Amino acid sequence: MYHDILRIYRQLLAHYGPQHWWPADSPFQVIVGAILTQSTNWQNVERAIENLKQHNALTPERLSKLSEEKLAELIRPAGYFRQKAKKLKAFVGHLYAHYDGNLQKMLAQPTKKLRAELLSLWGIGPETADSIMLYAARKPIFVVDAYTKRIFSRLGRVSPTISYDELQRFFMSQLPKSVKLFNEYHALIVRHGKAICRPKPRCAQCVLARDCQSYRRSSSACGR
DNA sequence: GGCCAGGACACCA
DNA sequence: TGGTGTCATGGC
């Protein structure tokens, strides 16, 4: 079984190619993007990030100087903009309160400590924390999301009711601990989820159909 | 015009 | 612990 999850990775990589994640110019942009993309299409996030760029607000210092109202206005295209403005403010507030605004210092902490700290912040849950860990702090943490659960439960590898932590432990027990591998695998899962493994799946076009137990049983009843 | 998107939190039983 | 409502814009 050790090879199974790695083999699926290789199939996705061969099919889609490298995804070059995370699409951002700096660790701070990764964090902003990770918060803005919560339950939101990345295209809408890009609009919000572009607004922040236009206002030169993509550094902790500049962002902390914006009012919450102004910040909300700039990130409006990303949806949930009032909530997300609060979340961004909470993050930079913490950064200044404990690290004098020095993000590198915060991200350089040991993995376990950093994760617990991120999770303690309002608006940062498991997936956002792990995205920051992997893509901003370059820690070997596997990021789990809704696509991960959907794809691998339909493949018959895990239960559809598996928890976030259990699913994360599953992947990290099945793979070598590699930042590069975890980076690419999560990105490929998102790519595959967007393309094929939707709520209404397109199994006939799926590169993993041969691996999919529910698809093999009945091509019309894929995991549904 | 409904569905869906790279979640998290509050509240309830 | 687990289920449900809320937060909101924009493409398809």
Side-chain angles (χ1 to χ4, degrees), chain A residues 9 12-13 16 18-24 27 29-52 68-94 115-137 141-154 158-169 171 179 181-202 205 222-224:
Chain A
Y9 165 74
L12 290 172
L13 182 61
Y16 294 107
Q19 300 299 301
H20 308 293
W21 270 32
W22 185 285
Q29 273 195 41
V30 173
I31 293 167
V32 171
I35 290 172
L36 292 182
T37 196
Q38 290 174 357
S39 197
T40 298
N41 190 306
W42 183 256
Q43 283 190 357
N44 290 3
V45 175
E46 284 185 320
R47 289 191 177 84
I49 288 180
E50 186 53 37
N51 286 345
L52 292 173
E68 196 172 305
E69 293 70 27
K70 180 63 179 175
L71 178 57
E73 179 191 325
L74 293 177
I75 65 173
R76 189 181 185 103
Y80 307 125
F81 53 90
R82 293 185 195 89
Q83 296 249 324
K84 287 173 179 174
K86 270 195 211 316
K87 294 176 182 184
L88 291 171
K89 279 292 184 183
F91 182 84
V92 292
H94 177 85
R115 188 170 195 269
E117 186 173 322
L118 289 168
L119 287 174
S120 76
L121 299 181
W122 187 84
I124 296 187
E127 185 187 336
T128 308
D130 289 335
S131 294
I132 293 171
M133 302 281 296
L134 179 62
Y135 293 105
I141 291 284
F142 197 90
V143 181
V144 166
D145 67 349
Y147 289 129
T148 314
K149 187 186 287 190
R150 186 188 300 159
I151 292 168
F152 286 86
S153 64
R154 284 186 187 163
V158 301
S159 160
T161 59
I162 192 169
S163 72
Y164 184 98
D165 289 342
E166 286 173 327
L167 188 52
Q168 183 179 55
R169 277 198 294 276
F171 274 90
V179 171
L181 173 65
F182 291 175
N183 176 325
E184 198 63 64
Y185 208 160
H186 174 64
L188 285 165
I189 285 169
V190 173
R191 175 65 185 274
H192 185 65
K194 284 179 179 173
I196 305 293
C197 206
R198 314 272 294 225
K200 291 180 182 176
R202 306 164 187 176
Q205 312 161 35
C222 178
R224 314 196 71 203

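Bear in mind that the values here come from a model prediction, so they are computed numbers and not experimental data. By convention in this document, chain letters (A, B, ...) are assigned in the order of the sequence lines, proteins followed by strands, and residues within each chain are numbered from 1.
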Quiz item: Considering only side-chain heavy atoms of A:Pro199, which listed nucleotide, B:dC4, C:dT9, B:dA8, is closest?
Solution: B:dC4
Exercise. Grab the CD-C1' distance between A:Gln43 and C:dA8 for me, whole Å please.
Key: 17 Å
Practice problem: Just call it for A:Arg150: base, sugar-phosphate, or nothing, with non-hydrogen atoms closer than 4.0 Å on any strand. | Solution: sugar-phosphate
Quiz item: Whole-Å distance between C:dT9 C1' and A:Ile49 CD1?
Solution: 15 Å
Practice problem: Name the nucleic acid region contacted by A:Gly125, choosing base, sugar-phosphate or nothing; use a 4.0 angstrom heavy-atom cut-off, strictly under. | Solution: sugar-phosphate
Quiz item: Taking the side chain of A:Asn44 as heavy atoms from C-beta outward, which of B:dA5, C:dT9, B:dG7 is closest to it?
Solution: C:dT9
Practice problem: Name the residue closer to the 5' end of DNA chain B, choosing between A:Val190 and A:Leu119 according to the nucleotide with the nearest heavy atom. | Solution: A:Val190
Quiz item: Does A:Trp122 place a side-chain N or O at less than 4.0 Å from the phosphate oxygens OP1/OP2 of B:dA10?
Solution: yes
Self-check item: Distance in angstrom units between A:Asn41 CG and B:dA5 C1', rounded
Solution: 5 Å
Self-check item: Inter-nucleotide P distance (B:dG1, C:dC7), Å rounded
Solution: 23 Å
Quiz item: Any salt bridge (Lys or Arg N to Asp or Glu O under 4.0 Å) pairs touching residues 82-91 of chain A, not counting sequence neighbours?
Solution: A:Glu68-A:Lys86
Quiz item: Does A:Thr128 place a side-chain N or O at less than 4.0 Å from the phosphate oxygens OP1/OP2 of B:dA8?
Solution: yes
Exercise. Would you mind classifying the nucleic acid contact of A:Ile35 as base, sugar-phosphate or nothing, using non-hydrogen atoms under 4.0 angstrom?
Key: nothing
Practice problem: Starting from the C-alpha separation in whole Å, work towards a yes-or-no answer on ring-ring contact (aromatic ring centres under 6.0 Å, His included) for A:Tyr16 and A:His192. | Solution: CA-CA 8 Å; A:Tyr16 294 107; A:His192 185 65; 5.7 Å; yes
Practice problem: Measure the distance from NZ on A:Lys89 to C1' on B:dA8 and round it to the nearest whole Å. | Solution: 20 Å
Quiz prompt | Side chain of A:Pro126 - closest among B:dA5, B:dA8, C:dC7 | solution = B:dA8
Quiz item: Could you give the CD-to-P distance, from A:Gln38 to C:dT9, as a whole number of Å?
Solution: 16 Å
Exercise. Check for a donor-acceptor pair, side chain of A:Gln205 on one end and backbone N or O of A:Ala195 on the other, with a separation under 3.5 Å.
Key: no
Practice problem: Measure the acute angle between the ring planes of A:Tyr185 and A:Phe152, then classify it against the limits of 30° and 60° as parallel, tilted or perpendicular. | Solution: perpendicular
Practice problem: Check the distance between C:dG10's P and A:Asn51's CG and give it to me in whole angstrom. | Solution: 10 Å
Quiz item: If you take all heavy atoms of A:Tyr164 and A:Val144, which pair is closest and at what distance?
Solution: CE1-O, 3.1 Å
Quiz item: Which pair of non-hydrogen atoms, one from A:Gly33 and one from A:Ile49, has the smallest distance, and what is that distance?
Solution: CA-CD1, 4.2 Å
Exercise. Could you check whether A:Leu121 gets within reach of a base, just the sugar-phosphate, or nothing at all, counting any heavy atom under 4.0 Å?
Key: sugar-phosphate
Quiz item: Which nucleotide, C:dC7, B:dA8, C:dG10, lies nearest any side-chain atom of A:Tyr80?
Solution: C:dC7
Quiz item: For A:Arg82 and C:dA8, is the shortest distance between a side-chain N/O and OP1 or OP2 below 4.0 Å?
Solution: yes
Exercise. Using only side-chain N and O atoms of A:Arg198, determine if any of them is under 4.0 Å from OP1 or OP2 of C:dC12.
Key: no
Exercise. Give A:Lys194 one of three labels, base, sugar-phosphate or nothing, depending on what nucleic acid heavy atoms sit under 4.0 Å from its own.
Key: base
Quiz item: Closer than 4.0 Å, any side-chain N/O of A:Arg76 to the OP1 or OP2 of C:dT9?
Solution: yes
Practice problem: In whole angstrom, give the distance that lies between atom CG of A:Leu74 and atom C1' of C:dT9. | Solution: 15 Å
Practice problem: Considering only atom P, compute the distance from C:dA8 to B:dA10 and round it to an integer number of Å. | Solution: 14 Å
Practice problem: Round to the nearest Å and state the distance from A:Leu36 atom CG to B:dA5 atom P. | Solution: 18 Å
Practice problem: Identify which nucleotide among C:dG11, C:dA8, B:dA5 has an atom closest to any side-chain atom of A:Arg47, counting heavy atoms from C-beta outward. | Solution: C:dG11
